[in-house]
2 protein chains.
Amino acid sequence: MQPQGWESIRDEVSARIRARLWAPGDTIPGEETLAQEFGVARATVNRAMRELAATGVIERRRKAGTRVALLPARRALLEIAVIRLEVEGKGAAYSHQVLEDRMEAAPPPVVARLGLPAGTVLRRLRTLHLADGQPWAYEDRWLNPAALVGEAPDFTQVSANEWLVSHVPYATGDIAFSAEGAEPDVAVALGVEEGAALFVTDRATWTEAQPITSVRLYHAPGYRMRSAL
Amino acid sequence: MQPQGWESIRDEVSARIRARLWAPGDTIPGEETLAQEFGVARATVNRAMRELAATGVIERRRKAGTRVALLPARRALLEIAVIRLEVEGKGAAYSHQVLEDRMEAAPPPVVARLGLPAGTVLRRLRTLHLADGQPWAYEDRWLNPAALVGEAPDFTQVSANEWLVSHVPYATGDIAFSAEGAEPDVAVALGVEEGAALFVTDRATWTEAQPITSVRLYHAPGYRMRSAL
DNA sequence: GACGCTATTATGTCTGCACATAATAAGCCC
DNA sequence: GGGCTTATTATGTGCAGACATAATAGCGTC
């Protein structure tokens, strides 16, 4: 069954673009025109076009109109789940061990990323996440104690990430992915050879007021991050 | 300056959630109620709430109402750009070399991924992408010739990905990221040691009717994929 | 032609109303 | 209480009309 309403318009416009009826770079008819053609209100066309613009298929500018994107940069939506849920989603039992928890002067890359003065002392947490007792990911986290006003969580019970996500209100952040060879301590913790290729996630988060945490996750070999395109 | 209109409502609701005025798991007031409180039409509140639902902050269900997400799975929007643009965006000159281009029986993982019968013969393209003459990424692509009806592109001129993106209408696809140790041929092409940790992108695309291509990209060491969170 | 101002125009958003839809809650029968 | 049907309700979507906004296009001046 075909979709109805604004989705049908989105699909029809999308189909015309894919069929090159409207070629990349072309300006396509205005909302008013399309609304008449499809026999709907302009708001309905707008809804459909907004959706297509969000996926990068078209580019819209006031007055200039709507044009088919020249090189549609595909957009993929990544779901960054809490590790526990990720592990449990695989049908495995989740557990974690805190390997280290102490105050330490953060190294330059970390303070730079968080926008703190050089030499700032942060709480460093090293954690091993396990799935059915097997190493799943090694976490190296720097936590700004100033961001945890009055709260004293026990990270041996609840993982730092999970606690932060549901207790510290935060606004922004960024995330980066890369591949790294396992350093000695990481290799030992994950039980892999030194230099083994590991999938690494780097994340930093801030509130409006101050930096909260910078965390690096070394995923065990074989880890894949998936998404629909 | 504060945003106005639906964005101000989105921000206000978001702020109340972060301030735990509405705690995770709570059901928040209905659209009609909020519309009255903010002095706007329900459609405006709906717009704001739809946006928050899309970012995973709230979960909405008809009749059940709107509730604050318990464990907000962060969503990151990845922009998958064409390699040429990625390289040029770094201020480097892009070029590429086709290392191999021939028909070959696709191995089991590839046919499985594309949903083709075992032993199907596909066009295999191995390409090296360069930035300022330095290896940037090694591409191993399997292309379904049936998907290129009548068209005969010259992939030594335009990269396969770029040509496909702007010439083959396609509907769906999926993408996965992982870390792999460099195999011998990849290591040679990229000029790195065997076993070096490489960031790998696997992508498969289909039209409604048939599979188009399956491609694996080995990025040169140091590659980072970034996104706002 | 180079400039700066103004008119025009397509998209962006809002309102107020209506009906559709999905899912819970309530009622009913046994 | 268990299992079914029906009513209720919050969200989802639609429409018509209006004004806001951004950016181009056109005009006039020099």
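First the proteins, then the strands, lettered A, B, ... as listed; each starts at 1. The structure presented is a predicted model; accordingly, all values stated were derived computationally and were not measured.
- Atom CZ in A/Arg67 sits about 14 Å away from atom P in C/dA10, given to the nearest Å.
- Each of D/dT24, C/dA22, D/dG12 was ranked by its minimum atom distance to the side chain of B/Glu31; first place goes to D/dG12.
- The interatomic distance linking B/Arg50 (CZ) with D/dA10 (C1') rounds to 15 Å, in whole Å.
- At the phosphate of C/dC14, neither OP1 nor OP2 sits under 4.0 Å from any side-chain N or O atom of B/Arg47.
- Residue A/Arg61 places no side-chain N or O under 4.0 Å from the OP1 or OP2 atom of C/dT11.
- Under the 3.5 Å distance criterion, the side-chain polar atoms of B/Asp174 are left unmatched by any main-chain donor or acceptor of A/Ser227.
- Distances were taken from every side-chain heavy atom of B/Arg62 (C-beta onward) to each of C/dA22, C/dT15, C/dT13; the shortest belongs to C/dA22.
- Checked against the 6.0 Å centroid criterion, the rings of B/Tyr218 and B/Phe199 do not qualify as a close aromatic pair.
- Between A/Phe38 atom CZ and D/dG14 atom P there is a gap of 13 Å when expressed in whole angstrom units.
- In this structure, B/Thr44 reaches the C/dT15 phosphate: one of its side-chain N or O atoms is under 4.0 Å from OP1 or OP2.
- With C/dT8, D/dT11, C/dT13 as the choices, the nucleotide that has an atom nearest any side-chain atom of A/Asn46 turns out to be C/dT13.
- Contact annotation for A/Arg42: base contact, defined as any heavy-atom pair under 4.0 Å involving a base atom.
- Computed from coordinates, the A/Glu32 CD to D/dA16 P distance equals 10 Å when rounded to whole Å.
- Each of A/Ala64 and A/Glu7 lies near DNA chain D, and the nucleotide nearest A/Glu7 is the one positioned closer to the 5' end.
- The pair B/Arg50-B/Glu31 fails the salt-bridge criterion, with no side-chain N (NZ, NE, NH1 or NH2) lying under 4.0 Å from an Asp/Glu carboxylate O.
- Closest to the side chain of B/Lys63, from the set C/dA25, C/dC14, D/dT24, is C/dA25.
- Between A/Thr66 and the phosphate of C/dA10, there is no side-chain N or O to OP1/OP2 separation shorter than 4.0 Å.
- At least one donor-acceptor pair under 3.5 Å links the side chain of A/Thr213 to the backbone N or O of A/Trp142.
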